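Remember, it's a predicted structure, so these values are computed and weren't measured experimentally. Below, chain A is the first sequence line, B the second, and so on; all start at residue 1.
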There are 2 protein chains.
Amino acid sequence: MRIITAALDLFGEHGVNGTSLQMIADALGVTKAAVYHQYPAKDDIVVAAIEVELAKVEAALDAAEAEESPPRARALVLAQVIDLAVERRTMVSAVQHDPVVVRLLAHHEPFRQLMARLSAVLTGPDPTVDRRVRAAMVSAALGGAVTQPLVADLDDEALARHLLTLAEQLLALPG
Amino acid sequence: MRIITAALDLFGEHGVNGTSLQMIADALGVTKAAVYHQYPAKDDIVVAAIEVELAKVEAALDAAEAEESPPRARALVLAQVIDLAVERRTMVSAVQHDPVVVRLLAHHEPFRQLMARLSAVLTGPDPTVDRRVRAAMVSAALGGAVTQPLVADLDDEALARHLLTLAEQLLALPG
DNA sequence: GTCTATACGCGGATAGAC
DNA sequence: GTCTATCCGCGTATAGAC
């Protein structure tokens, strides 16, 4: 678990390919071999790290899907996901687009289903093309906006508040 | 120039760290040494590749900044940038968040100025916090949304049209 | 669980011939 | 401009002792 924490920080800063097992071991003050004892291969560390983060998204989805009203479900998920992204700005944005992560996730069925659930909540029950593009934009914007220099000076609370308002506004369909 | 083209494709697929000079050389059907003859180091290839792409953004900015009306300038830039992003979906999204690229761009003054100009056009002459968050979201959304599975089935023209409408909507300030 | 030691390949990079 | 050949370091991974 300490390995996962250290790995996520390093992945965020250097990317997965840019993070060696030596770096992870150094961050923990142990040797590479000690790390290998817990995870037989580097990919296993990556998968475990992603799972930890996605578990939080899954919890948010579970709560949201218990809601009756789609707009209310959407609001719940947005608030949670935004908090997660804002809290760990660098890591979320970097890992989300990392080619290694993308490849692992594309082949990982549980993750694909999770993303499908997230998309469904964001688009609502009637996923027109317009709503799908909106949902895609919001997904990308939440993960990506948090690292923009433009908003680097905003504290977490303020950034999260603005993002939530604007994401809601973009998803609401006065189009 | 062929090197840059090949490199950009590979960077998009594997990330910068995941792309070796051997891969680039193989893609061109030459040896590593031949590549080194034109670019003394890998970083030089990365910088050159980024410059090629950013030159297109710069051209759009030049045209836009000649406009009198800020909203009209914004619309011009948006249309251009969206076309660029949609046209080369994978590459733009991957390279934009690549840790190596991010680090190079953070230390490269011409790049920083270009990004500042882009931000200025997106926020308009009065960059309130609200407008800055909107601009950050749009920046992130344009580069990131194009690779979302949600919109993978849309053709370039349709995706670009929707993105432009929604980006405009998000930037317009009925907030 | 953690260590030392080591294998093996591939990474970036260079020298020098054609 | 492109080649062959080579250097060196670091990457992942394993073996085996404590």
Chemist: By the ring pair (Phe, Tyr, Trp, His ring centres under 6.0 Å) test, which pairs, at least two apart or in different chains, include something from residues 28-75 of chain A?
Modeler: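 Residue pairs with at least one partner in residues 28-75 of chain A: there are none.
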Chemist: Using whole Å, report how far NE2 of A:H14 lies from C1' of D:dG11.
Modeler: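 A:H14 atom NE2 is separated from D:dG11 atom C1' by 15 Å.
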Chemist: Can you sort out the partners of B:D9 under salt bridge (Lys or Arg N to Asp or Glu O under 4.0 Å), two or more places apart, ordered by chain and number?
Modeler: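 Partners of B:D9 by the salt bridge (Lys or Arg N to Asp or Glu O under 4.0 Å) criterion, ordered by chain and then number, come out as B:R88.
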Chemist: Just grab all the salt bridge (charged side-chain N to carboxylate O under 4.0 Å, His left out) pairs involving residues 19-42 of chain A, residues at least two apart or on different chains.
Modeler: none
Chemist: For residues 105-114 of chain B, dump all side-chain donor-acceptor pairs below 3.5 Å to protein atoms at least two apart in sequence or in another chain.
Modeler:
| from | atom 1 | to | atom 2 | distance (Å) |
| --- | --- | --- | --- | --- |
| B:R112 | NH1 | B:A106 | O | 3.3 |

Chemist: At under 4.0 Å between heavy atoms, which parts of nucleotides 2-14 of chain C does protein reach? Answer with one letter per nucleotide, 5' to 3': B base, S sugar-phosphate only, - none.
Modeler: BBB------SBBB
Chemist: Just jot down the salt bridge (Lys or Arg N to Asp or Glu O under 4.0 Å) partners of A:R117, sequence neighbours excluded, or say none.
Modeler: A:E58, A:D62, A:E65
